[in-house]
Asker: 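Shown below is the structure under consideration.
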Amino acid sequence: MSQTGKKNLVITSIALYFTYFIHGIGASIMGQYKPELAAHWGAKTLSDGTMDVSMVVSVIAALGLGRLISLPFSGPLSDKFGRRLSGIIGVICYAAYFMGIAFAPSMGVAYAFAIVGGIANSFLDTCVSPTCMEIYVNNPSVANLFTKFSMCISQFLLPFLIGFVAAANMSYRTIFIVAGAAIFIDGILILFLPFPERNAKGTVKKEKTKLKITPAAFAAILIGFTSSSTFMLWLNCNQELGKLYNLSDPSKIQSFYAVGTFAAILCSSVFIKKGLKEINILIIYPLISFIMLGLCYFIQNPTICLIGGFVIGFAGAGGVLQLAVSTTAEFFPENKGTATSMVMIASSVANYTILTLAGYITKTAGTSAPRMILLLNMAVTFVGILLALFVKMNRGKEA
């Protein structure tokens with residue numbers, strides 16, 4: 001490939017990474033505007049004077065339902081008809097999601113648009129991750145980690161953007177509208193930018209092979225469920241924990257979380273280049289998350305929330321899901337889109353089921369709900385550790 005061709009593919013990767021920058025906003029913005037959205041959708045005020053935000057948690061869970069609906073199709077579509085088509089569908093759906101949530105008059109309408117947002121996420125997953133692994137074929141795991149890096153930048157900036165919008169007396173809808181417009185414009189670029197030739201050496205071969213899901217491959221896929229649960233539960237429920245522990249500004253947890261994620265991406269990239277196997281990271285990071293969640297349960301003070309935000313950002317959200325995708329793709333080297341799809345199906349099941357359960361706990365458990373959700377998070381994270389250990393012990397045997 002010529003130098004000009006390689007340069008153009010780098011530009012393509014930047015445009016694709018930008019979709020994940022916007023996805024970082026889309027994945028967490030409802031969690032930051034729960035009272036405003038709940039009030040707009042007609043939620044009741046609780047006896048302690050706070051707004052019942054359980055309906056917003058349920059709408060957030062619908063993102064996982066949308067992914068679950070579309071992922072069985074998005075991966076095979078990406079492998080058969082090309083990454084570009086998958087990316088364009090994702091961009092269009094994401095633009096619709098942002099505008100729909102911004103102006104939804106009720107929870108029911110918002111729920112429908114959240115499903116569209118989940119569909120957007122699934123098509124971006126099966127476009128961006130495989131394409132970037134095919135562009136940077138010598139460092140596929142690091143290339144995939146940078147999808148998370150793009151997300152953590154936007155999640156770090158989001159509290160500052162929210163503060164700016166509030167200081168300027170602008171509507172909470174502002175960020176939704178700007179994000180929707182930005183990803184739509186980026187989609188126009190993706191429509192015309194070049195994509196890697198998938199029949200080239202080192203990418204996808206012409207011959208079709210039958211998928212064989214071994215026990216170790218299945219365990220790697222399930223890490224998509226456990227790793228997603230760890231950071232989704234924290235991302236969408238940390239504000240309530242901060243309030244319970246009398247943290248003066250719970251929104252700061254989000255910034256610490258984003259800094260932790262940012263640090264993890266850089267550290268993990270260095271570790272992998274130095275020879276640390278991805279599967280070892282899939283064991284070490286969840287173990288750190290498990291310990292931190294336990295500390296947040298037993299140590300009830302404001303500072304632990306900020307420390308927890310950084311540590312869970314580092315070890316829970318710092319590329320574990322992306323490394324699960326890379327590890328699973330090793331089992332299916334000729335079907336990276338489908339491999340991505342399978343891991344993200346597990347992730348979407350987590351998004352829907354675990355966050356729906358968290359919404360039920362939030363609604364029924366009162367003030368003790370945040371700490372009960374911590375226990376739920378610990379249990380799921382521990383299962384993830386066991387799964388990664390199983391993959392490590394059996395991957396070589398199955399090969």
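Only this structure's heavy atoms are used, side chains among them; waters, hydrogens and symmetry mates stay out.
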Asker: Is Thr381 close to Thr226 at the side-chain level, that is, under 4.5 Å between some pair of heavy atoms?
Answerer: no

Asker: For Tyr17 and Tyr20, run ring pair (Phe, Tyr, Trp, His ring centres under 6.0 Å): C-alpha distance rounded to whole Å, both residues' side-chain angles, the deciding distance at 0.1 Å, then the answer.
Answerer: CA-CA 5 Å; Tyr17 285 133; Tyr20 266 72; 8.0 Å; no

Asker: Assess whether side chain to side chain contact (heavy atoms under 4.5 Å, CB included) is satisfied between Cys93 and Ile89, documenting all intermediate values.
Answerer: CA-CA 6 Å; Cys93 290; Ile89 293 172; 4.2 Å; yes

Asker: Heavy atoms only: give me the nearest Lys243-Pro250 pair and the separation to one decimal.
Answerer: CG-CG, 3.8 Å

Asker: Is a side-chain donor or acceptor of His40 paired with a backbone partner of Ala104 at a separation under 3.5 angstrom?
Answerer: yes

Asker: Can you check whether Ser74's main-chain N or O pairs, donor with acceptor, with Ser78's side chain at less than 3.5 Å?
Answerer: no

Asker: Return yes if some donor-acceptor pair links the side-chain N/O of Thr261 with the main-chain N/O of Gly313 below 3.5 Å, else return no.
Answerer: yes

Asker: Would you check if the side chain of Thr131 reaches a backbone N or O of Val128 as a donor-acceptor pair within less than 3.5 Å?
Answerer: no

Asker: Side-chain contact, heavy-atom cut-off 4.5 Å: Val380 with Ile354?
Answerer: yes

Asker: Between Asn121 and Leu63, does a side chain to side chain contact (heavy atoms under 4.5 Å, CB included) hold up when you go through it step by step?
Answerer: CA-CA 8 Å; Asn121 189 184; Leu63 290 167; over 6 Å; no

Asker: Determine whether Leu9 and Pro196 make a side-chain contact, defined as any pair of heavy atoms from C-beta on separated by less than 4.5 Å.
Answerer: yes

Asker: Considering non-hydrogen atoms only, spot the tightest contact between Pro286 and Ile385 and give its length.
Answerer: CB-CG1, 3.6 Å

Asker: Would you find more than 12 non-hydrogen atoms of other residues, nucleotides or ligands less than 6.0 Å from Phe262 atom CZ?
Answerer: no

Asker: Test side chain to side chain contact (heavy atoms under 4.5 Å, CB included) on Ile304 and Asn301 and set out the steps.
Answerer: CA-CA 6 Å; Ile304 199 66; Asn301 66 51; 3.8 Å; yes

Asker: Identify the heavy atoms of Leu85 and Phe81 that sit nearest to each other, and give their distance.
Answerer: CD2-CB, 4.1 Å

Asker: Donor-acceptor pair, Ser28 side chain versus Gly24 backbone, under 3.5 Å?
Answerer: yes

Asker: Before you tell me yes or no, could you show the steps for Ser150 and Phe18 under side chain to side chain contact (heavy atoms under 4.5 Å, CB included), namely the whole-Å CA-CA distance, both residues' side-chain angles and the distance that decides it to 0.1 Å?
Answerer: CA-CA 7 Å; Ser150 303; Phe18 182 76; over 6 Å; no

Asker: Should Phe103 and Val116 be regarded as members of a common hydrophobic cluster, given that ILVMFWY residues are connected when their side-chain heavy atoms come within less than 4.5 Å of each other, either directly or indirectly?
Answerer: no

Asker: Could you tell me if the ring centre of Tyr285 sits under 6.0 Å from that of Phe314?
Answerer: yes

Asker: Using the rule side-chain contact (heavy atoms from CB on, under 4.5 Å), only one of Ser141, Ser326, Cys267 pairs with Ile272; which is it?
Answerer: Ser141

Asker: Is Leu193 reachable from Ile183 through a run of I, L, V, M, F, W or Y residues, each pair having side-chain heavy atoms under 4.5 Å apart?
Answerer: no

Asker: Applying side chain to side chain donor-acceptor pair (under 3.5 Å), run through Asp125 and Thr340 and close with a yes or a no.
Answerer: CA-CA 7 Å; Asp125 283 340; Thr340 302; over 6 Å; no

Asker: Got a donor-acceptor contact below 3.5 angstrom from the Ser58 side chain to the Ser54 backbone?
Answerer: yes

Asker: The criterion is side chain to side chain contact (heavy atoms under 4.5 Å, CB included); which residues satisfy it with Ile188, sequence neighbours excluded?
Answerer: Phe184, Phe192

Asker: Linking I/L/V/M/F/W/Y whenever any side-chain heavy atoms sit under 4.5 Å apart, do Ile177 and Ile185 land together?
Answerer: no

Asker: Side chains of Val59 and Trp41: closer than 4.5 Å at any heavy-atom pair?
Answerer: yes

Asker: Taking C-beta and beyond as the side chain, do Thr230 and Val320 meet within less than 4.5 Å on heavy atoms?
Answerer: no

Asker: Can you find a heavy atom in the side chain of Trp234 that is under 4.5 Å from one in the side chain of Leu241?
Answerer: yes

Asker: Using only atom types and a distance under 3.5 Å, with no angle test, would you say the side chain of Thr327 pairs donor to acceptor with the backbone of Ala324?
Answerer: no

Asker: Could you measure the distance from the CZ atom of Phe123 to the CZ atom of Phe73? Nearest 0.5 Å is fine.
Answerer: 9.0 Å

Asker: Do other residues, nucleotides or ligands put more than 12 heavy atoms under 6.0 Å from the CE atom of Met99?
Answerer: yes

Asker: Shortest non-hydrogen contact from Cys237 to Ile373?
Answerer: SG-CD1, 3.8 Å

Asker: Answer with yes or no whether the side chains of Ser341 and Thr126 bring together a donor and an acceptor at under 3.5 Å.
Answerer: no

Asker: Just by distance, do the side chain of Arg67 and the backbone of Gly118 share a donor-acceptor pair under 3.5 Å?
Answerer: no

Asker: Please name the pair of heavy atoms, one in Ala365 and one in Met372, separated by the smallest distance, quoted to 0.1 Å.
Answerer: CB-SD, 3.6 Å

Asker: Please tell me if the side chains of Tyr111 and Leu65 come closer than 4.5 Å, counting only heavy atoms from C-beta onward.
Answerer: yes

Asker: Is Leu266 reachable from Leu145 through a run of I, L, V, M, F, W or Y residues, each pair having side-chain heavy atoms under 4.5 Å apart?
Answerer: yes

Asker: Is there side-chain contact between Leu282 and Lys392, with at least one heavy-atom pair below 4.5 Å?
Answerer: no

Asker: Please work out which of the three classes, parallel, tilted or perpendicular, describes the rings of Phe98 and Phe176, given edges at 30° and 60°.
Answerer: perpendicular

Asker: Validate the cation-pi geometry between Arg83 and Phe195: distance from NZ or CZ to the six-membered ring centre under 6.0 Å, angle to the ring axis within 45°.
Answerer: no

Asker: Where do Ser129 and Thr147 come nearest, in terms of heavy atoms and distance?
Answerer: OG-CG2, 4.3 Å

Asker: Tell me if the aromatic rings of Tyr257 and Phe310 count as close, with their centers under 6.0 Å from one another.
Answerer: no

Asker: Under 3.5 Å, is there a donor-acceptor pair between the side chain of Asn280 and the main chain of Leu276?
Answerer: no

Asker: Do Leu189 and Leu16 belong to the same hydrophobic cluster, where Ile, Leu, Val, Met, Phe, Trp and Tyr are linked whenever their side-chain heavy atoms lie under 4.5 Å apart, directly or via other members?
Answerer: no

Asker: Does Phe382 have more than 12 heavy atoms from other residues, nucleotides or ligands lying within 6.0 Å of its CZ?
Answerer: no

Asker: Test your reading of the model: is there a side-chain donor-acceptor pair from Asn144 to the backbone of Gln322, 3.5 Å cut-off?
Answerer: yes

Asker: Quick one: list whatever passes side chain to side chain contact (heavy atoms under 4.5 Å, CB included) with Asp249, sequence neighbours left out.
Answerer: Ser251, Lys252

Asker: Are Tyr97 and Tyr94, when compared by the centres of their aromatic rings, separated by less than 6.0 Å?
Answerer: yes

